[in-house]
Amino acid sequence: MIVTQRGFLDFLGMGETRFLIPPYQRIYSWNTSQCEELWLDVLRAGRAGRNHFLGTVLYSRSAAAEGMNVFELIDGQQRVTSVSLIILALARQVRDAAIEGVDVDALESRYLFVDDPAGEGRIARFTPSRSDAESYACELQGTRPERLTAITRNLDFFLSKMQQDDFDPATLVRGLERLMIISVEVEDASEAQLIFEGINSKGVPLNLADMVRNYLLLSEDYDRQTYLFETYWTMSQEMFAPDPGSLRLNTAIKSWLSIRLKGARILSPEQTYSSFKKYVEDVYQGDKEPILRELRGFCLMWAENYRYHGVKKFKSGSNWAELGAPAITAGRKLKKADNEEYAERVRRELRETDMRW
């Protein structure tokens, strides 16, 4: 087994090499949401000048044609196909719109085609599996396939993004150059299957709160992580205890995000996390501490709203909003009760509230 960290384009553009997806692999099935997330990740990497880890690509050597290495992709085919479609769309858009600054011939010759060792022109560098192969071959030659597949739909999606007025091909190219993978070459099928099962194991997945916490803290140094975690995250988390699986905290994060990001997709943890990154990186674009502080305030209000919903008296004052329009109850200060008998009844109801909610 050979494990290498490398740039995705360096992997795809290896000399005298073709990539095949074996027939037993599932067909290409990424949807528009997954393609949009990849598109945004590539652009963010290009704008920020930072690497983006695309994941692991597992492959084995096939029976090589004369003068040609042939690699069979065992895991990572969805990502390889999607990035290949971005490159194909970019080459087409640059050529059709006469965009300057991008060498379309180099794109095609290095990442889309490879010279046929038999001397009969160019052949596809990458070949998807089964019915996808025909669709991809047609699109590669500039003809429309008869059958509509995810290949065609997602190529059209990437083309639509590149036809927008604010599209900057140079940023996209820089982002593609920043994509990183771990490539794993295996020698036999049994070894490949064991590694595949390990990569795709059914362990306990990260929940939304885990992903948000890691995103907000991971880039900080140890001392800063400790400060932010103890000052903000621990309090946000403990407000909902006991909370197995962070279900209540996850709900609070979804609710906060639905307020902060218009049109946020929050049906699944993956969608919510993607929307969270979109808000932080594309809308907010600021320091992480104010987000943690606002989340802490929102979680306090949210926890009290759930826990004491029968009493309708909140200790927090609900002044949680810092990053946008203020909360409706912002500025309302706690004050001593005018009616002590009523205040005592409220205190008693709070003490007797079912803390399990």
Side-chain angles (χ1 to χ4, degrees), residues 6-14 17-22 25-46 51-59 71-94 102 107-108 110-113 124-140 145 147-164 167 169 171-184 196 199-200 265 268 270-271 273-274 277-278:
R6 63 176 80 186
F8 177 81
L9 292 185
D10 293 333
F11 174 75
L12 186 63
M14 287 190 290
T17 301
R18 293 187 66 210
F19 298 91
L20 306 178
I21 296 178
Q25 291 276 21
R26 62 176 177 167
I27 63 173
Y28 178 59
S29 58
W30 266 27
N31 56 37
T32 300
S33 297
Q34 291 165 308
C35 287
E36 181 167 22
E37 184 172 356
L38 173 63
W39 175 261
L40 292 174
D41 284 337
V42 173
L43 291 183
R44 290 167 186 152
N51 292 340
H52 175 74
F53 181 58
L54 198 59
T56 301
V57 175
L58 180 65
Y59 68 96
F71 295 156
E72 290 190 0
L73 297 177
I74 301 167
D75 189 50
Q77 61 125 324
Q78 303 285 324
R79 285 159 286 158
V80 173
T81 305
S82 298
V83 178
S84 296
L85 290 176
I86 291 179
I87 296 172
L88 175 55
L90 178 61
R92 185 177 297 181
Q93 179 65 14
V94 168
V102 177
L107 277 178
E108 291 182 342
R110 186 172 184 190
Y111 306 118
L112 298 179
F113 296 98
R125 179 177 288 276
F126 166 68
T127 302
S129 65
R130 291 179 284 176
S131 59
D132 291 332
E134 181 180 353
S135 296
Y136 184 76
C138 288
E139 295 290 359
L140 203 58
R147 183 169 169 267
L148 183 64
T149 66
I151 293 282
T152 302
R153 287 193 298 269
N154 292 344
L155 178 63
D156 288 345
F157 168 79
F158 291 128
L159 281 169
S160 70
K161 290 292 187 180
M162 296 178 192
Q163 290 163 0
Q164 295 177 2
F167 170 62
T171 299
L172 180 65
V173 171
R174 288 196 301 270
L176 290 170
E177 292 171 345
R178 287 286 186 169
L179 295 180
M180 304 296 296
I181 62 168
I182 300 294
S183 65
V184 182
F196 177 81
I199 292 173
N200 296 278
R265 298 172 60 87
S268 68
E270 293 77 17
Q271 285 181 343
Y273 180 61
S274 177
K277 288 203 305 180
K278 182 176 182 179

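Heads up: numbering here begins at 1 and tracks the sequence.
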- Taking C-beta and beyond as the side chain, do Leu112 and Leu107 meet within less than 4.5 Å on heavy atoms? no

- Item | Nearest-0.5 Å distance that lies between atom CG in Leu85 and atom CG in Leu140 | 10.0 Å

- Residue pair Thr56 / Val184, side-chain heavy-atom distance below 4.5 Å: yes

- Message: Between Arg110 and Asp10, does the salt bridge (charged side-chain N to carboxylate O under 4.0 Å, His left out) criterion hold? Intermediate values first, please.
- Response: CA-CA 10 Å; Arg110 186 172 184 190; Asp10 293 333; 3.7 Å; yes

- Task: Please examine the side chains of Phe167 and Leu172, heavy atoms only from C-beta on, and report whether any two atoms are closer than 4.5 Å.
- Result: yes

- Query: Once you round to the nearest 0.5 Å, how far does OG of Ser274 lie from CG of Asp41?
  - Reply: 7.5 Å

- Atom CG of Leu38 and atom OG of Ser33: how far apart are they, to the nearest 0.5 Å? 12.5 Å

- Below 4.5 Å, heavy atoms only, C-beta onward: do Arg178 and Phe53 meet side chain to side chain? no

- Hey, mind stepping through Thr17 and Arg125 against side chain to side chain donor-acceptor pair (under 3.5 Å) and telling me if it holds? CA-CA 7 Å; Thr17 301; Arg125 179 177 288 276; 5.2 Å; no

- Sequence neighbours excluded, the answer for salt bridge (charged side-chain N to carboxylate O under 4.0 Å, His left out) partners of Arg92 is Glu139

- Assess whether side chain to side chain donor-acceptor pair (under 3.5 Å) is satisfied between Arg79 and Ser82, documenting all intermediate values. CA-CA 5 Å; Arg79 285 159 286 158; Ser82 298; over 6 Å; no

- State yes or no: are the ring centers of Tyr59 and Phe11 separated by less than 6.0 Å? yes

- Message: For Arg44, is the CZ atom crowded, meaning more than 12 foreign heavy atoms sit under 6.0 Å from it?
- Response: yes

- Message: Test of understanding: with side-chain contact (heavy atoms from CB on, under 4.5 Å), list the residues that count as partners of Gln34, not counting sequence neighbours.
- Response: Trp30, Asn31

- Would you say the side chain of His52 lies within less than 4.5 Å of the side chain of Met180, judging by non-hydrogen atoms? no

- Leu179 and Leu54: which non-hydrogen atoms are nearest, and at how many Å? CD1-CD2, 4.4 Å

- Tell me, with the steps shown, if Ser84 and Tyr136 meet side chain to side chain donor-acceptor pair (under 3.5 Å). CA-CA 10 Å; Ser84 296; Tyr136 184 76; 4.6 Å; no

- Side-chain heavy atoms of Ile21 within contact of Thr81, under 4.5 Å: yes

- Query: Passes side chain to side chain donor-acceptor pair (under 3.5 Å), Ser135 versus Thr149? Steps please.
  - Reply: CA-CA 7 Å; Ser135 296; Thr149 66; 3.2 Å; yes

- Main-chain N/O of Ile27 paired with Gln78 side-chain donor or acceptor, under 3.5 Å: yes

- Which residues share a side-chain contact (heavy atoms from CB on, under 4.5 Å) with Arg153, sequence neighbours left out: Leu148, Ala150

- Item | Sole candidate of Ile87, Leu176, Val83, Ile86 that passes side chain to side chain contact (heavy atoms under 4.5 Å, CB included) when paired with Tyr111 | Ile87

- Task: List the atom of Ala133, the atom of Pro128, and the distance in Å for their closest heavy-atom pair.
- Result: CB-O, 3.5 Å

- Item | Validation row: Glu37, Lys277 side chains within 4.5 angstrom (heavy atoms) | yes

- Task: Might you confirm whether atom CD of Glu108 has over 12 heavy atoms from other residues, nucleotides or ligands at distances under 6.0 Å?
- Result: yes

- Task: Could you tell me whether Glu36 and Lys161 make a salt bridge, using a distance below 4.0 angstrom between a side-chain N and a carboxylate O?
- Result: yes

- Heavy-atom side-chain proximity of Val80 to Leu73 below 4.5 angstrom: yes

- Can you see which heavy atom on Thr127 is nearest to which on Arg18, and at what distance? OG1-NH2, 3.0 Å

- Query: For the residue pair Phe113 and Phe126, is the inter-centroid distance of their aromatic rings smaller than 6.0 Å?
  - Reply: no

- Item | Sidechain N-carboxylate O distance under 4.0 Å for Asp132, Arg147 | no

